[in-house]
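Take a look at the structure set out below.
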Amino acid sequence: MGRTNNFSSLAFFLLLLILGCSAAPNPKLRARPQPCKRLVFYFHDIIYNGHNSKNATAAIVGSPAWGNRTILTGQNHFGNMVVFDDPITLDNNLHSTPVGRAQGFYLYDKKDIFTAWMGFSFVFNSTEHKGSINFAGADPLMNKTRDISVIGGTGDFFMARGIATLSTDAFEGEVYFRLRVDIKLYECW
Amino acid sequence: MGRTNNFSSLAFFLLLLILGCSAAPNPKLRARPQPCKRLVFYFHDIIYNGHNSKNATAAIVGSPAWGNRTILTGQNHFGNMVVFDDPITLDNNLHSTPVGRAQGFYLYDKKDIFTAWMGFSFVFNSTEHKGSINFAGADPLMNKTRDISVIGGTGDFFMARGIATLSTDAFEGEVYFRLRVDIKLYECW
Amino acid sequence: MGRTNNFSSLAFFLLLLILGCSAAPNPKLRARPQPCKRLVFYFHDIIYNGHNSKNATAAIVGSPAWGNRTILTGQNHFGNMVVFDDPITLDNNLHSTPVGRAQGFYLYDKKDIFTAWMGFSFVFNSTEHKGSINFAGADPLMNKTRDISVIGGTGDFFMARGIATLSTDAFEGEVYFRLRVDIKLYECW
């Protein structure tokens, strides 16, 4: 009897082990997990308009033949490319102490409505965070929220991958906007 | 005897388990698998040339000092940057109903021959597909086929990674080209 | 006694198996491993300055309203975008036989100091290496070393991910610079 019980519990153990092993991550089909890291930041973009060179954090550097590089062009700014070095803050206040810099570019890429494509990094060098998070993707900016990809990271964010949900927290004319960035990492090393 | 047999089969089970566990995916060395998802699309690029503003889906927004932004420059268009919002279709017919938009940029980056570098997204919002696939990579466009990277995805393509094989399906002068994109995802969540 | 011993060793085996299974790679929390592949290259960038069209491997294609595309602009070149097709060499000699091409763009994105954002590929087509490695990230180029992301790869570098550590190996005025690129791949398929 005792021996039988022992074998039974062994069999049960083995079953658990088999289930446990087959639940090991499969790169081809994985259940959508919880983020392994989640971070929320704001960044602030002040576009140079010919009069604000002291405060501007961004400048138009490309435009289509029918536009120029001082004023965002018509047709929903189609073809304007903007380079930026924007302060990152923890709250939605432009004057809060920056915790890092958002650096890269966006380009307006549709004639009918506002949409953009972005490639940029969050660069941190504080006691809180050291390293960078790299982003790329389409930003259909008239949508309340939209997702872009976290394509990599360095330092504290070594090899990170995930999704960043963008939302426009404020905009003032064609000079200032503030984006809320909700970063959800699903690969953390 | 029976007991010995039981132990033997247990040992055999254990061996299988050990093999099973060591076959769990190893991020450092994986055999090249079959794609977990495969999709084929076409997209259509009509570059603004000063006369086609109604039909154009793309515009030159950067050029070297020796060029302009209305006509693609000499030296294999070296230094021209083009922003696009191109219709995606399921077949090679420009007039088929678009199933999404290809949005982003390419830039010609070689003096001797045509080569480009691309960063763009496929953006879907239909009953069939919702979400985006993000691409980046070198496009040596004189080659019959060439591979770029799928660097991320959102929505239905959450966290996707893979390879997209591009081939030029048609081109007409310096105004229109059509790319066939064979997307092979090897990471599907 | 013998039976008990058998059960003990079985229990020990099971313990090992449980530990072994739970050590299977977990996409949510992985120990930082050794690179699965490591490669060191140099690449050489000669910017067009109006006088060197024969030797130039790069050209300014975007600039802010206050700059032009022949001379890198003031304010730490803020807003200049450069497209390049640079030779890759195994050592730090510009005249060594190239083993591939570095193709893509960088843009200067800060007014106060030199920083850049880069998107580019290493393209190989030799007996040694065939395929491409794709990079993106912030390059705070005044730092001795800085890390960007390997966001994908094709051919021999199929699905690669990792980190590339950049260091400026030489620069001459505003015409020539040479970068050392120490590529550490942590995902090799």
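- Using a distance-only test at 3.5 Å, with no hydrogens or angles considered, a donor-acceptor pair links the side chain of B:Ser149 to the main chain of C:Gly153.
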Which is it for B:Thr115 and C:Gln103 under the side chain to side chain contact (heavy atoms under 4.5 Å, CB included) test, yes or no, and what are the steps along the way? CA-CA 9 Å; B:Thr115 65; C:Gln103 300 181 327; 4.0 Å; yes

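- If you measure heavy-atom distances from C:Phe122 to chain B, you find no contacts under 4.5 Å at all.
- Atom CG of residue B:Leu107 and atom CZ of residue C:Phe84 lie 9.5 Å apart, to the nearest 0.5 angstrom.
- Other residues, nucleotides and ligands contribute only 12 or fewer heavy atoms inside 6.0 Å of the CZ atom of B:Phe171.
- Comparing C:Gly152, C:Ser121, C:Gly62 by heavy-atom pairs within less than 4.5 Å of chain B, the highest count is held by C:Ser121.
- Side chains of B:Arg146 and C:Thr154 form no contact here, defined as non-hydrogen atoms less than 4.5 Å apart.
- Of the atoms belonging to C:Ser53, it is backbone heavy atoms, and not side-chain ones, that fall under 4.5 Å from chain B.
- If you measure heavy-atom distances from C:Ile151 to chain B, the contacts under 4.5 Å come from both the backbone and the side chain.
- Only the backbone of B:Tyr108 comes within less than 4.5 Å of a heavy atom of chain C; no side-chain atom from C-beta onward does.
- Looking at B:Phe105, the atoms closer than 4.5 Å to chain C (heavy atoms on both sides) all sit in the side chain, from C-beta outward.
- C:Asp85 has its side chain out of reach of B:Lys111: every pair of non-hydrogen atoms, C-beta onward, lies at least 4.5 Å apart.
- The minimum heavy-atom distance between B:Phe78 and C:Ala59, with the atom names listed, is CE2-CB, 3.7 Å.
- Looking only at heavy-atom pairs under 4.5 Å with chain B, the residue among C:Ser132, C:Gly50, C:Ala56 that has the most is C:Ala56.
- Neither the backbone nor the side chain of C:Ala136 comes within less than 4.5 Å of any heavy atom in chain B.
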Kindly indicate, with the supporting measurements, whether the criterion side chain to side chain contact (heavy atoms under 4.5 Å, CB included) is fulfilled by C:Phe158 and B:Ile163. CA-CA 8 Å; C:Phe158 177 77; B:Ile163 300 286; 3.7 Å; yes

Evaluate the salt bridge (Lys or Arg N to Asp or Glu O under 4.0 Å) criterion for residues B:Arg161 and C:Glu187: first the C-alpha distance (whole Å), next the side-chain angles of each, then the deciding distance (0.1 Å), finally the verdict. CA-CA 12 Å; B:Arg161 287 222 318 136; C:Glu187 291 194 12; 3.6 Å; yes

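- Remark: B:Met118 CE to C:Asn134 CG distance equals 12.5 Å, nearest 0.5 Å.
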For the pair B:Asp109 and C:Arg101, evaluate side chain to side chain contact (heavy atoms under 4.5 Å, CB included) and give the outcome as yes or no after the intermediate values. CA-CA 11 Å; B:Asp109 56 11; C:Arg101 306 296 294 188; over 6 Å; no

